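I have placed the structure first, in the form of structure tokens, so that the comments after it can refer back to it.
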Amino acid sequence: MGYKFSESLKRNMDFQFVYKKGKSYANKYLVMYILKNNMDKNRLGISVSKKVGNSIVRHRVTRLIRESYRLHENIFNSGLDIVVIARNAASSLSYWEIESALLHLAKLHHISKNGCDEEIRK
């Protein structure tokens, strides 16, 4: 992993806790749950169900979500558990579409530091 300020959320128990206690926003492609974790870093969990596609498709979607988070993790507030769930529609998306969906949810949650979602358009 190449996170500077974050680590992975791994245990099922942690995921369940975020689902129960956290706050969620969704768009067409992703659902994002957020919960304060009282640490000085974020923990990111990514969930892609079998409905999204076969393992190749699921791993691709997971990598795209992880990478778009990694490249923008400096704009996320810290001290959060973040769980991102991919919806079926995410299976055919490009990196840019996933990135835009992720940043859109961060903005809805008010967890991006600058509130700017079109930060690094080339």
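Only this structure's heavy atoms are used, side chains among them; waters, hydrogens and symmetry mates stay out. Remember, it's a predicted structure, so these values are computed and weren't measured experimentally.
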- request: Verify the cluster assignment for F76 and L9: are they in a single hydrophobic cluster under the rule of side-chain heavy atoms below 4.5 Å apart?
  value: no

Results of side-chain hydrogen bond (donor to acceptor under 3.5 Å, both in side chains) for Y19 - residues two or more places apart only: none

Exercise: identify the closest heavy-atom pair between S6 and E73: OG-OE1, 2.7 Å

statement: Here the pair of heavy atoms bringing I98 nearest to L30 is O-CD1, 4.1 Å

Salt-bridge present (R70, E67; N to O < 4.0 Å): yes

message: For A86 versus V52, what's the shortest heavy-atom pair and its separation?
response: O-CG2, 3.8 Å

message: Determine whether Y33 and Y25 satisfy the following criterion, ring-ring contact (aromatic ring centres under 6.0 Å, His included), listing intermediate values before the conclusion.
response: CA-CA 7 Å; Y33 283 83; Y25 278 108; over 10 Å; no

query: Is the CG atom of N54 crowded by more than 12 outside heavy atoms at less than 6.0 Å?
result: yes

field: Taking every non-hydrogen atom, the tightest pair across M32 and H109
entry: O-NE2, 2.9 Å

query: What are the two closest heavy atoms between N27 and A101, and how far apart are they?
result: ND2-O, 3.0 Å

- prompt: Linking I/L/V/M/F/W/Y whenever any side-chain heavy atoms sit under 4.5 Å apart, do V83 and V61 land together?
  reply: no

field: With S55 via side-chain hydrogen bond (donor to acceptor under 3.5 Å, both in side chains) - residues at least two apart
entry: none

- prompt: Any side-chain heavy atom of R87 within less than 4.5 Å of one from Y29?
  reply: no

query: Minimum heavy-atom separation for L93 to L64, with atom names?
result: O-CD1, 4.0 Å

query: What distance separates I111 CD1 from S78 OG, expressed to the nearest 0.5 Å?
result: 11.0 Å

task: Verify the cluster assignment for V48 and I85: are they in a single hydrophobic cluster under the rule of side-chain heavy atoms below 4.5 Å apart?
output: no

Non-hydrogen side-chain atoms of F17 and K20 separated by less than 4.5 Å: no

field: NZ on K28 to NE2 on H104, rounded to 0.5 Å
entry: 11.0 Å

query: When you measure from the side chain of S49 to the backbone N and O of K51, does any donor-acceptor pair fall under 3.5 Å?
result: yes

message: Checking Y69 against V84 for the side chain to side chain contact (heavy atoms under 4.5 Å, CB included) test, could you report, in this order, the C-alpha distance in whole Å, the side-chain angles of both residues, the deciding distance, and whether it holds?
response: CA-CA 10 Å; Y69 175 80; V84 179; over 6 Å; no

message: Working to the nearest 0.5 angstrom, can you tell me the gap between L108 CG and K23 NZ?
response: 9.5 Å

query: To the nearest 0.5 Å, how far apart are CZ in R60 and OG in S91?
result: 8.5 Å

- prompt: Quick one: CG on L80 to CG on N42, what's the gap to the nearest 0.5 Å?
  reply: 4.5 Å

statement: Taken in chain and number order and not counting sequence neighbours, the residues that satisfy salt bridge (Lys or Arg N to Asp or Glu O under 4.0 Å) with D81 are R43

message: Taking the side chain as everything from C-beta on, heavy atoms only, tell me whether I46 gets closer than 4.5 Å to R66.
response: yes

- request: Give a yes-or-no answer on whether the side chains of E97 and S100 include a donor-acceptor pair shorter than 3.5 Å.
  value: no

Side chain to side chain contact (heavy atoms under 4.5 Å, CB included) between L71 and Y95, worked out: CA-CA 12 Å; L71 292 175; Y95 168 77; 3.2 Å; yes

message: Tell me whether F15 at atom CZ has more than 12 heavy atoms from other residues, nucleotides or ligands lying less than 6.0 Å away.
response: yes

statement: Taken to the nearest 0.5 Å, the spacing of L102 CG from S68 OG works out to 5.0 Å

